[in-house]
Amino acid sequence: QVQLVESGGGLVQAGGSLRLSCAASGSILSINAMGWYRRAAGKQRELVATITSGGSTDYADSVKGRFTISRGNARNTVALQMNSLKPEDTAVYYCKLDPLGTGLNYWGKGTLVTVSS
């Protein structure tokens, strides 16, 4: 079993920045990819950014050029640097872990990001 804990959410004004972090713990043999997803009120959960164990990244079109995903220095961690935040970025952000070879995904409980106009 794997547990993911997100941190760094909060309230920020439009144009500001936040940095989200996620730490994974538990029985993790190896990681294929980690990523961030978000769900805004009344909308489906959507991919924000992912990063593979090899460092390859992918971003939603809506955040390209503003958000940067990276693997943290600590083992099994991932961060999301969010710059030039917009009110439409307001959502609960979830950390996702894809263990190598399992076909399973693990999710954190989410951290709320609120961007005021």
Side-chain angles (χ1 to χ4, degrees):
Q1 297 297 320
V2 176
Q3 183 178 18
L4 304 178
V5 179
E6 303 100 333
S7 63
L11 175 64
V12 65
Q13 293 183 356
S17 298
L18 284 174
R19 184 177 178 87
L20 305 182
S21 297
C22 174
S25 62
S27 300
I28 304 171
L29 297 178
S30 60
I31 296 174
N32 180 54
M34 296 185 72
W36 290 94
Y37 291 69
R38 67 187 182 188
R39 184 175 68 242
K43 298 182 179 180
Q44 289 187 312
R45 183 169 58 191
E46 65 177 355
L47 181 147
V48 177
T50 60
I51 185 168
T52 69
S53 60
S56 179
T57 59
D58 191 27
Y59 297 91
D61 289 341
S62 60
V63 307
K64 287 181 179 177
R66 300 188 297 120
F67 292 9
T68 302
I69 189 171
S70 62
R71 297 293 296 271
N73 292 328
R75 183 177 177 84
N76 298 331
T77 60
V78 65
L80 183 69
Q81 179 66 45
M82 305 185 294
N83 298 326
S84 301
L85 283 162
K86 304 175 181 179
E88 51 262 44
D89 294 319
T90 296
V92 177
Y93 285 71
Y94 299 89
C95 181
K96 178 185 177 182
L97 170 65
D98 174 20
L100 182 64
T102 69
L104 301 174
N105 295 320
Y106 295 91
W107 297 88
K109 294 182 179 180
T111 184
L112 177 63
V113 172
T114 303
V115 184
S116 62
S117 60

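Just so you know, residue 1 is the first one in the sequence shown, and it goes up from there.
Other members of the hydrophobic cluster containing Val92, listed by chain and number, are Tyr37, Leu47, Tyr94, Trp107, Leu112; membership follows side-chain contacts under 4.5 Å among ILVMFWY residues, whether direct or relayed.
Trp36 approaches Ser21 most closely through the heavy-atom pair CH2-O, 3.5 Å. For Leu20 against Gly9, the heavy-atom pair with the smallest separation is CD2-N, 3.5 Å. The minimum heavy-atom distance linking Ala14 with Ser117 is given by the pair CB-CA, 4.4 Å.
Here the side chain of Glu6 pairs a donor or acceptor atom with the backbone of Gly110 at under 3.5 angstrom.
One distance of note links CD of Gln44 with CZ of Arg39; it measures 10.5 Å at 0.5 Å rounding. If you take CG on Leu18 and OG1 on Thr111, they are separated by 9.0 Å, rounding to the nearest 0.5 Å. Note that CD1 of Ile28 and CD of Gln3 are 10.5 Å apart. Values are rounded to the nearest 0.5 Å. Rounded to the nearest 0.5 Å, atoms CG (Leu4) and CG (Asn105) are 10.0 Å apart.
Applying the disulfide (SG to SG under 2.5 Å) test to residues at least two apart or on different chains, the pairs with a partner in residues 40-117 are Cys22-Cys95. Residue pairs meeting the disulfide (SG to SG under 2.5 Å) criterion with at least one member in residues 35-76: none, sequence neighbours excluded.
The side-chain heavy atoms of Val48 and Met82, taken from C-beta on, include no pair separated by under 4.5 Å.
Leu29 pairs by the side chain to side chain contact (heavy atoms under 4.5 Å, CB included) definition with nothing, not counting sequence neighbours. Qualifying side chain to side chain contact (heavy atoms under 4.5 Å, CB included) partners for Ser53, counting only residues two or more places apart in sequence or in other chains: Arg71. Checked against side-chain hydrogen bond (donor to acceptor under 3.5 Å, both in side chains), Ser17 has the following partners two or more places apart in sequence or in another chain: Asn83. By the side-chain hydrogen bond (donor to acceptor under 3.5 Å, both in side chains) test, Ser62 pairs with Arg38, sequence neighbours left out. Taking the side-chain hydrogen bond (donor to acceptor under 3.5 Å, both in side chains) definition, one finds that Asp98 meets it with Asn32, sequence neighbours left out. Shown here are the side chain to side chain contact (heavy atoms under 4.5 Å, CB included) partners of Lys109, two or more places apart in sequence or in another chain: there are none. With sequence neighbours excluded, the residues that form a side chain to side chain contact (heavy atoms under 4.5 Å, CB included) with Thr57 are Ile51, Tyr59, Ile69. Taking the salt bridge (Lys or Arg N to Asp or Glu O under 4.0 Å) definition, one finds that Arg19 meets it with nothing, sequence neighbours left out. Every residue two or more places apart in sequence or in another chain that forms a side-chain hydrogen bond (donor to acceptor under 3.5 Å, both in side chains) with Lys64 is listed here: Asp61.
The cluster map of Ile, Leu, Val, Met, Phe, Trp and Tyr, joined by side-chain heavy atoms under 4.5 Å apart, puts Leu100 and Leu104 in different clusters.
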Query raised in the report: Asp89 and Phe67: side-chain contact (heavy atoms from CB on, under 4.5 Å), yes or no, with the steps?
Result: CA-CA 11 Å; Asp89 294 319; Phe67 292 9; 3.9 Å; yes
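The residue from Leu85, Leu11, Val113, Val115 that alone fulfils the side-chain contact (heavy atoms from CB on, under 4.5 Å) condition with Thr90 is Val115.
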